[in-house]
Amino acid sequence: MQFPRNTPKGPRLSARHLSKAFETGSGQFLALHDISLDIHAGDFLAIVGKSGSGKSTLVNLLTGLDAVSGGDIWSSANGGTVITDLNQESLARWRGLEIGVVFQFFQLLPSLTVLENTMLPMDYCNAFPRGERRERAMAILERLGIAEQAEKLPFDMSGGQQQRAAIARALANEPGIIVADEPTGNLDSSTTHEVMDLFAAQREAGKAVVMVTHERDLSSYFTRTIELTDGAITAELGDVT
Amino acid sequence: MTIPPRWRKLIADFGSIKGRLALVIAAMAIGLLTTIAITNAYAILTREISANYLGTNPASGILDIGEVDQTLVAQVRGMDNVAAAEPLSIVETRVRYPDGRTGRALLFVSPNPLDQSLNTLRIEEQMASPPANAVHLERRALDLAGIGLGERLSIEIPGSGFVPVLVAGTVFDPSLAPAEQEQTIYAYLSQQTFVALGGQSALEWIKVLVAEDPFDQALVDQTLAGIAIALEAAGHNVHLVQAPNAGLHPHEGQMRGILGLFLAFGVLAFLLSAVLVSITVEGLMAQQIRQIAIMKTIGARTAQISTLYITGIAIIAATMLFVALPIGIALGRGLAGIIADLLNFDIVDASTPPALFAAWLVTGLLIPVLFALRPIFRATGTTVVAALSDLGIGRSSGAGGRLNRFVARLFGTSGQTLLALRGAFRRRRRTMMILTLLGLAGAMYMTAGTVSVSYQASVDIAAAERGYDAEFRLTRPLDRNRVAAIAAATPDVIFAAPMMRLEAARMRGDGVALVRTYPDGGHGSMTLYALPGTQELARFQGLEGALPVERLDGQMVVNQGAWALLGRPRIGEQVNLSLDGKRLELPLAAVIRQYMTPASVFAADTDVAAMTGESGINALRVVNAARSPAEVEAVVDRVGQQIEAAGAGISLVVTGNLMDAAVSGHVNILIVLLLALGVLMAAVGFLGLTAAQGISVLERTREFGIIRAIGGQRRQIVTNLLTESLVIASISLPAAILVSIPLSTAINIIVGRMTFGMALPFTPDVCGMGEWAAVSLVGALVAGLPPAFNASRLSVRETLVQQ
Ligand SMILES: Nc1ncnc2c1ncn2[C@@H]1O[C@H](COP(=O)(O)OP(=O)(O)OP(=O)(O)O)[C@@H](O)[C@H]1O
Ligand SMILES: [Mg+2]
């Protein structure tokens with residue numbers, strides 16, 4: 001397996017010949033096959049495709065949430081790591097520090113305030129000195145425009161506010177890559193654009209953003225798009241390495 | 001200082017189920033404190049009973065020699081392996097209480113009872129300057145006697161009739177059961193006083209303490225037998241050797257047995273309540289599975305999350321321990337006090353051994369954590385993808401399955417009961433645990449009832465089979481015809497059975513009659529009845545062999561108590577008995593069942609006369625027309641006067657009333673304790689049921705929301721949930737009955753063997769079963785109400801917004 005060298009211009013995440021098979025009642029089902037992909041800093045990558053084409057499955061592999069059936073994933077973190085070789089505990093730590101995940105249904109912890117939700121990744125990964133965490137989290141909330149909501153519980157906020165809080169949490173450990181699976185699927189169009197602007201700002205700040213979406217009219221935000229059909233990349237737009 | 005968010009989350013998680021958590025902590029605390037109380041009582045009691053008993057320097061054995069003088073005592077003292085020897089007499093006689101009734105008394109006569117080296121007595125209370133010719137009573141006998149210090153008690157001195165004797169003080173003799181339990185007055189007096197009161201001058205027994213290892217039973221027996229053989233060789237007549245269990249208080253074995261039984265129940269209650277922890281944590285984790293996945297997504301490691309919850313459980317366990325420890329220790333002390341009082345010994349040191357303390361701390365913390373590990377690891381081990389794609393909370397057993405099909409066949413496929421049954425069994429493992437808890441609680445309750453009823457049944461059978469109202473024991477044998485004439489001449493006596501009654505002991509191979517009895521003659525003595533015919537035996541049920549038809553000639557019959565003491569010989573086997581040192585050897589013909597009756601052996605009067613030279617009548621059983629206790633007393637008095645007129649004294653009158661009073665004390669406390677344990681278990685069970693229903697409501701929050709959204713009413717949800725609790729309680733009922741049968745049979749055997757050498761007759765307590773049915777159904781309703789109420793209060797929005 002040939003992976004890129006760890007250079008400032010090189011990719012942050014690199015996937016080679018990924019495949020994923022599921023055991024089903026009627027035998028094996030191949031959800032993804034032979035996917036190769038590089039993600040660079042400054043990328044805003046859209047993953048599109050029909051329902052059931054394998055978008056979520058691909059995202060789950062890239063974030064290490066699910067195990068690959070074949071192929072490898074390399075990350076530039078820690079001077080270069082093959083994350084498909086990591087055990088669950090190291091994988092969790094890598095994810096906490098290197099990837100920020102945003103879900104369609106926000107998935108904030110209902111018993112914690114927005115501020116506490118934002119501080120949680122720092123707590124688990126022991127990312128910053130204890131005394132600084134609160135300040136950092138507040139700064140992120142400030143940037144996302146929900147500082148006034150810091151002490152609220154998630155269920156007491158609107159969908160758009162919850163998604164902002166979820167993005168704040170994804171940014172907590174200053175990860176290199178943000179991965180979002182249909183983050184605007186539950187939002188109205190004006191809120192959708194506000195959220196998309198937040199992601200775009202992250203991209204401009206030098207992070208990579210990977211987003212699964214169904215919505216065609218967002219294409220102006222993306223620097224690259226790949227389309228999946230039946231588990232394979234069938235079209236690529238933009239500067240794919 | 002702010003609490004890190006992950007700990008805030010843990011607190012919030014536990015806070016969200018604080019009601020249920022409180023119930024579980026309460027249930028666990030009850031189980032734990034029961035265990036602590038019983039182990040504490042066990043540790044204190046076994047230590048103190050030994051300390052009390054060994055503190056008196058108990059004799060290894062007592063030899064009945066008939067006549068003992070100073071030279072003989074000195075001679076025994078000089079024998080091999082003898083550390084100490086002292087003379088004494090134990091005189092079985094009667095007292096007349098201030099109210100006119102007569103009762104049994106044991107007089108312990110020795111040269112200087114208050115200053116002896118073996119079986120020492122401790123003075124409890126004493127008159128300022130005790131006058132001469134006064135006695136001391138055992139401390140518990142004063143109340144029974146119904147007199148105070150410095151007053152006189154009428155004691156019958158053999159040969160001199162009833163003599164008013166001044167009671168100068170009380171002493172503590174830990175080797176004796178409380179006077180009121182045995183209905184016996186224990187009095188201690190000097191040889192000099194005894195003679196002054198009109199008693200015979202010679203002492204009859206020698207107490208011996210062996211030098212080398214007084215706790216080695218075989219060695220003690222061998223030494224005592226050696227002394228007996230040496231004395232026989234020197235021309236003395238050793239009638240009997242009493243060798244109590246070496247170093248053991250007479251009630252120690254029983255006490256350990258009963259406490260062991262309770263301990264088993266206590267531990268069971270604790271383990272079952274620990275299972276509740278497992279159930280509750282499982283419910284909590286099921287609710288948390290999605291959130292755990294989210295935490296992992298943002299970088300939490302499995303170990304971190306597991307540690308979080310394990311720490312939480314450990315904190316809860318510590319809280320529970322904190323609650324249970326002081327209460328359990330106090331209860332244990334209380335229990336120890338009650339039992340010590342029951343067995344007449346003092347608790348000098350009520351402290352808990354440090355090792356036990358450590359054991360409680362370890363089990364109290366460890367067991368709940370151990371029981372929580374499985375559900376915690378199961379939840380934290382679930383992969384993120386699996387957890388996030390799992391829509392419901394937890395997987396239900398669904399509509400399929402054998403159980404459901406069975407239920408459907410029973411009740412049809414629609415209706416409230418079926419819904420409730422489905423609901424009750426959607427979490428099969430949890431339901432099973434609750435069923436086990438409730439079943440065991442019910443079983444315990446019913447067992448207490450059944451043992452009590454069985455015990456009463458054995459008292460009733462004994463009373464019905466006894467067939468006499470009073471038994472007179474004569475101080476000297478009289479001629480048969482003479483006794484028959486007395487009985488016939490007394491008005492109201494409608495039947496009289498004259499017989500010869502002798503103390504018997506199993507004779508060892510070396511010819512020595514050695515019995516495991518204590519100085520009071522209890523625990524292991526045997527009585528031989530020389531009978532003219534088998535008439536007296538015919539009403540008892542046979543256990544082994546066949547009862548000879550008319551006469552017992554050439555054969556021997558024993559009851560189950562004697563059979564056990566003789567080592568359960570086979571039918572036809574020769575049995576060797578020593579009657580006051582004389583040998584009676586006869587083949588065993590039959591074993592009969594006599595409830596509430598001490599070990600007894602029956603033989604033909606002619607055989608006894610031929611082999612031992614003992615003939616005549618020294619006991620008379622009468623049946624009289626009068627039945628009230630007062631009338632019986634009157635008849636007893638009249639017959640007594642006639643016997644005395646005929647030239648024989650009366651050493652004792654045993655009436656049915658007296659016997660019934662003497663045996664019930666021990667058993668009542670056992671039944672009360674069993675009931676208490678049943679109630680504790682029930683508390684654990686119903687707390688568990690409430691907790692389980694609470695979890696089940698939690699898991700079905702969405703389901704209830706949807707039911708409400710499509711038009712279901714609150715009332716229907718409440719009814720549905722209450723029916724579920726009732727269904728679980730009703731299923732536990734037959735389970736409880738089933739478990740109670742072997743359990744009460746086992747306790748019937750233990751209690752029966754302990755008292756009279758055979759199991760109590762199994763008699764189910766139907767009333768108790770009804771009571772438990774009522775208690776469990778009401779309990780189920782009460783337990784089901786809070787969760788049902790909570791479920792009905794959930795708003796639709798609230799239920800559907802939760803994922
Ligand atoms: N755990 C699983 N077991 C079996 N098959 C699965 C599993 N997860 C996903 N699949 C299948 O893999 C394929 C890809 O699923 P995936 O969720 O990635 O689709 P998607 O492109 O995200 O669709 P959508 O746009 O509806 O979210 C689908 O056909 C799906 O049924
Ligand atoms: Mg998807």
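Letters go in sequence order (proteins before strands), and every chain restarts at 1.
Counting all heavy atoms, side chain and backbone alike, Ala12(B) lies closest to Ser111(A) at CB-CB, 3.4 Å. Closest non-hydrogen pair, Ala300(B) versus Ala92(A), comes out as O-CB, 3.4 Å.
Atoms CG and CD1, from Asn117(A) and Ile298(B) in turn, are 7.0 Å apart once rounded to the nearest 0.5 Å. Met295(B) contributes atom CE, which lies 8.5 Å from atom CG of Leu112(A) (distance to the nearest 0.5 angstrom). Interatomic distance, OH of Tyr124(A) versus CG of Leu308(B), reported as 5.0 Å (0.5 Å rounding).
A 4.5 Å side-chain heavy-atom check between Leu65(A) and Thr297(B) finds at least one atom pair inside the cut-off.
Contact annotation for Thr383(B): neither backbone nor side-chain heavy atoms come within less than 4.5 Å of a heavy atom of chain A. Residue Asn60(A) touches chain B through its side chain alone, counting heavy-atom pairs closer than 4.5 Å. The part of Arg169(A) that comes within reach of chain B is its side chain, from C-beta onward, which places non-hydrogen atoms under 4.5 angstrom from that chain. With a 4.5 angstrom heavy-atom cutoff, Gln88(A) does not touch chain B via any of its atoms.
Pro5(B) pairs with exactly one of Arg134(A), Arg133(A), Met122(A), Glu116(A) by the side chain to side chain contact (heavy atoms under 4.5 Å, CB included) rule, that one being Glu116(A).
Distance alone, capped at 3.5 Å, is enough to place a donor-acceptor pair between the Glu89(A) side chain and the Ala303(B) backbone. A donor-acceptor contact shorter than 3.5 Å is absent between the side chain of Arg290(B) and the backbone of Gln107(A). No donor-acceptor pair closer than 3.5 Å links the side chain of Asp123(A) to the backbone N or O of Pro4(B).
Atom CG of Asp34(A) sits in a crowded spot, with more than 12 heavy atoms from other residues, nucleotides or ligands closer than 6.0 Å.
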Indicate every side-chain donor-acceptor pair of residues 145-152 of chain A with a distance under 3.5 Å to a residue at least two apart or in another chain.
from	atom 1	to	atom 2	distance (Å)
Gln149(A)	OE1	Lys152(A)	NZ	3.1

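In terms of heavy-atom pairs under 4.5 Å with chain B, the best-connected choice from Leu97(A), Asn173(A), Leu120(A), Val101(A) is Leu120(A).
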